[in-house]
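In what follows, a single structure is set out as structure tokens and then discussed.
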Amino acid sequence: MSKQFDVIVIGAGPGGYIAAIRAAQLGFQVACIDEWTNAAGGAAPGGTCTNVGCIPSKALLQSSEHFEQANHHFAEHGISTGTVKMDVAKMIARKDNVVKQNNDGILYLFKKNKVSFFHGRGSFVKAVEGGYEIQVAGKAEETLTAKQVIVATGSSARALPSVPFDEVNVLSNDGALRVGAVPKKLAVIGSGVIGLEMGSVWRRLGADVTILEGLPTFLGAVDTQIAKEAKKAFDKQGLKIELGVKVGEIKSLKKGVSIAYTNAKGEEVKLDADKLIVSIGRVPNTNGLNVEAVGLQLDERGAILVDGDCKTNLPGVWAVGDVVRGPMLAHKAEEEGVAVAERIAGQHGHVNFNTIPWVIYTSPEIAWVGRTEQQLKADGVAYKAGSFPFLANGRARALGDTTGMVKFLADATTDEILGVHIVGPMASELIAEAVVAMEFRASAEDIARICHAHPSLSEATKEAALAVDKRTLNF
Ligand code: FAD
Ligand code: NAI
């Protein structure tokens, strides 16, 4: 006997669980299906983000940053510690606990919002009168039916051809987050977001880290000036980043791996490492959904084909998050989830793709919203730029962290903010002001005229806005 719902959500990552909660708030009977299982065999909703992504990576970034501070920066404050030791097992256990708190939090939210949760794999069976039949296989064995289905099955790490992840020597993000001891030598392929964040974690803890990047430019999607500043900081920290390499054969050694590559000068190089992290992008999860049963269309990348409103080719079937086009970010998935639930309710859900912030949680942090200087040039937009260095910010000096800057890009005629780019302390938090400003289509002058608390890092934002009009006060 099939259980009837108004809305079935497949996947309980940030796209799916948020969509389920919003749909329930709007008065629908909602089921959410997720197959993620923790080490104890229990349900672990929250998807990649909670289990092997955003949350655990930030937990390890925090632990390793404390270690780095204690080792290299406490002395400046007059604090002497003696030898600082890292208990990796304890750090990983703390991270696992942070993950568990988030898993449990989502289960609590499902209860609170009366979302029926099913632990298992969801797949399409067939279209039925007025909706779709979905099978749940796993811990919960059920057949569910609903008029509306939201697919939010996320993504998985892309492996190099013929180098599968064994999570012992060749690690995806999953293995990279549970290495049992600090590797002496760590190689990373892909100098994107994961490569830099995970490379930073293990470098801070003492690993000799080499990142091999295929492209000749460092962080090509980031504003060039900001990327240059970040690269300078990473070089100084001893994070070795080789650009423009061509990775060749990867062999397993008795202990670790050997990576053959051609460097940018065309020289053949061999790099032996205890562990290798492969972070070369992610692929959408559509395996096991049985899309053929209902004729759900995929695009050429294997993502579910959707329009700007997350509608698929099938009436009543929607898809959100990493499994569709667009940036693979948790907050983008969440916004799409909310918008879809509201569209199902006949409201006008909306996601502004122009104001989705990006953050790379390295030290210094890198954050941006809107267009980069190189994009504005390519688009032929006349713009004004203004920047302000943290070196001239009192709070940054007091913190002892004066790396980087805030940079504003504004329309040359209207002064509307077109992009804000930050590299430096707490960039992840500072970017929120820029997002709000851009959502309200503020001008650089608007930010320049707003009172910012003193002393605060946010004064660098105000000063960068003033710099657009060449009238900084403290630089
Ligand atoms: P997911 O989070 O992948 O969730 C999909 C869920 O669906 C999973 O639980 C999966 O098990 C389940 N599922 C799949 N198929 C089925 C099925 N057939 N039946 C039942 N369940 C199924 N983004 C940020 O914004 N900020 C960050 O700091 C950040 N850090 C990251 C760090 C790392 C190491 C990684 C790998 C990613 C990071 N991301 C970050 C990206 C972020 O994790 C993803 O963009 C986000 O999780 C996408 O959400 P989603 O709901 O679309 O999919
Ligand atoms: P990515 O797309 O950020 O970076 C992949 C890098 O690998 C690119 O620089 C690419 O040029 C390079 N590359 C690809 N193939 C290669 C090859 N064969 N040899 C050498 N280099 C190669 O992907 P990543 O780091 O795997 O992360 C996946 C996604 O997860 C990100 O795009 C992001 O959306 C999300 N994420 C977000 C985070 C955040 O918001 N802070 C943190 C971590 C991940």
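Start at 1 and go down the list; that is how both ligands and their atoms are numbered.
- By the 3.5 Å distance cut-off applied to N or O atoms, Thr48 is counted among the residues near ligand 1.
- With a 4.0 Å heavy-atom cut-off, ligand 1 is reached by the side chain of Ala333 but not by its N, CA, C or O.
- Phe234 and Phe218 have perpendicular rings, their planes meeting at more than 60° on a 0 to 90° scale where under 30° would count as parallel.
- Counting heavy atoms only, Thr153 comes closest to atom 15 (N) of ligand 1 of the residues Thr153, Val136, Val151.
- No N or O atom of Leu177 sits closer than 3.5 Å to an N or O atom of ligand 1.
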Would you tabulate the polar-atom pairs, meaning N/O of ligand 2 against N/O of the protein, with distances under 3.5 Å, reported to 0.1 Å?
from, atom 1, to, atom 2, distance (Å)
ligand 2, 3 (O), Val193, N, 3.2
ligand 2, 9 (O), Glu213, OE1, 2.7
ligand 2, 9 (O), Glu213, OE2, 3.2
ligand 2, 11 (O), Glu213, OE2, 2.6
ligand 2, 21 (N), Gly214, N, 3.0
ligand 2, 23 (O), Gly281, N, 3.4
ligand 2, 25 (O), Val193, N, 3.3
ligand 2, 25 (O), Ile194, N, 2.9
ligand 2, 26 (O), Gly281, N, 2.9
ligand 2, 34 (O), Met328, O, 2.5
ligand 2, 40 (O), Val359, O, 3.4
ligand 2, 41 (N), Glu197, OE2, 2.9
ligand 2, 41 (N), Val359, O, 2.7

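- The closest approach between Val323 and ligand 1 stays at or above 4.0 Å for every heavy atom of the residue.
- For the pair Gly120 and ligand 1, a heavy-atom separation below 4.0 Å is found.
- Counting heavy atoms closer than 4.0 Å to ligand 1, residue Lys332 contributes nothing at all.
- The shortest N or O to N or O distance between Ile10 and ligand 1 is not below 3.5 Å.
- Checked by distance only, ligand 1 and Gly288 stay at 3.5 Å or farther apart across all their nitrogen or oxygen atoms.
- Ser123 does not count as a contact of ligand 1, since none of its heavy atoms falls under 4.0 Å from the ligand.
- In terms of modelled atom types and a separation under 3.5 Å, the side chain of Asp274 and the main chain of Lys184 share a donor-acceptor contact.
- In Ala152, the part holding a heavy atom less than 4.0 Å from any atom of ligand 1 is the backbone.
- The distance from ligand 1 to the heavy atoms of Gly321 drops below 4.0 Å at these ligand atoms: 52 (O).
- Only the side chain of Ile194 comes within contact range of ligand 1, with a heavy atom under 4.0 Å; no backbone atom does.
- Considering both main-chain and side-chain atoms, Asn285 never comes within under 3.5 Å of ligand 1 through any nitrogen or oxygen pair.
- For Phe67, there are no ring pair (Phe, Tyr, Trp, His ring centres under 6.0 Å) partners two or more places apart in sequence or in a different chain.
- With salt bridges taken as basic N to acidic carboxylate O contacts below 4.0 Å, none links Asp96 and Lys100.
- Side-chain contact between Tyr361 and Val193 is absent, with no heavy atoms from C-beta onward closer than 4.5 Å.
- Contacts with ligand 1 closer than 4.0 Å are made by backbone heavy atoms (N, CA, C, O) of Ser155 only, the side chain lying farther away.
- Any N or O atom pair closer than 3.5 Å counts here, and Pro14 shares at least one such pair with ligand 1.
- A parallel orientation is assigned to the rings of Trp358 and Trp368, their planes being inclined by less than 30° (bins at 30° and 60°).
- Ionic pairing of Arg325 and Asp299 is not present here: no N-O contact between side-chain nitrogen and carboxylate oxygen is shorter than 4.0 angstrom.
- Without hydrogens or angle criteria, Asn113 side chain to Ala24 main chain gives no donor-acceptor distance under 3.5 Å.
- Annotation: Asp34 places an N or O atom under 3.5 Å from an N or O atom of ligand 1; distance criterion only.
- By the ring pair (Phe, Tyr, Trp, His ring centres under 6.0 Å) test, Trp202 is found to be paired with no residue, residues two or more places apart in sequence or in another chain being considered.
- Ligand 1 places these atoms under 4.0 Å from at least one heavy atom of Asn173: 34 (C), 36 (C).
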Name each donor-acceptor pair under 3.5 Å that joins a side chain in residues 54-61 to protein atoms two or more places apart or in another chain, with its distance.
from, atom 1, to, atom 2, distance (Å)
Ser57, OG, Gly53, O, 2.7
Ser57, OG, Cys54, O, 3.0
Lys58, NZ, Glu197, OE1, 2.8

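- A heavy-atom distance below 4.5 Å is found between the side chains of Asn290 and Glu292.
- Assignment of Lys58 to the shell around ligand 1 is supported, since a heavy atom sits closer than 4.0 Å.
- Close approach of ligand 1 to Ser57 is summarised as follows: ligand atoms under 4.0 Å from at least one heavy atom of the residue are 32 (C).
- Per-residue contacts place Gly47 under 4.0 angstrom from the following atoms of ligand 1 (heavy atoms of the residue considered): 2 (O), 4 (O), 8 (C), 9 (O).
- Taking every non-hydrogen atom of Val52 and a distance limit under 4.0 Å, the qualifying atoms of ligand 1 come out as 34 (C), 36 (C).
- Looking at Glu335 and Lys332, no side-chain N of the basic residue comes within less than 4.0 Å of a carboxylate O on the acidic one, giving no salt bridge.
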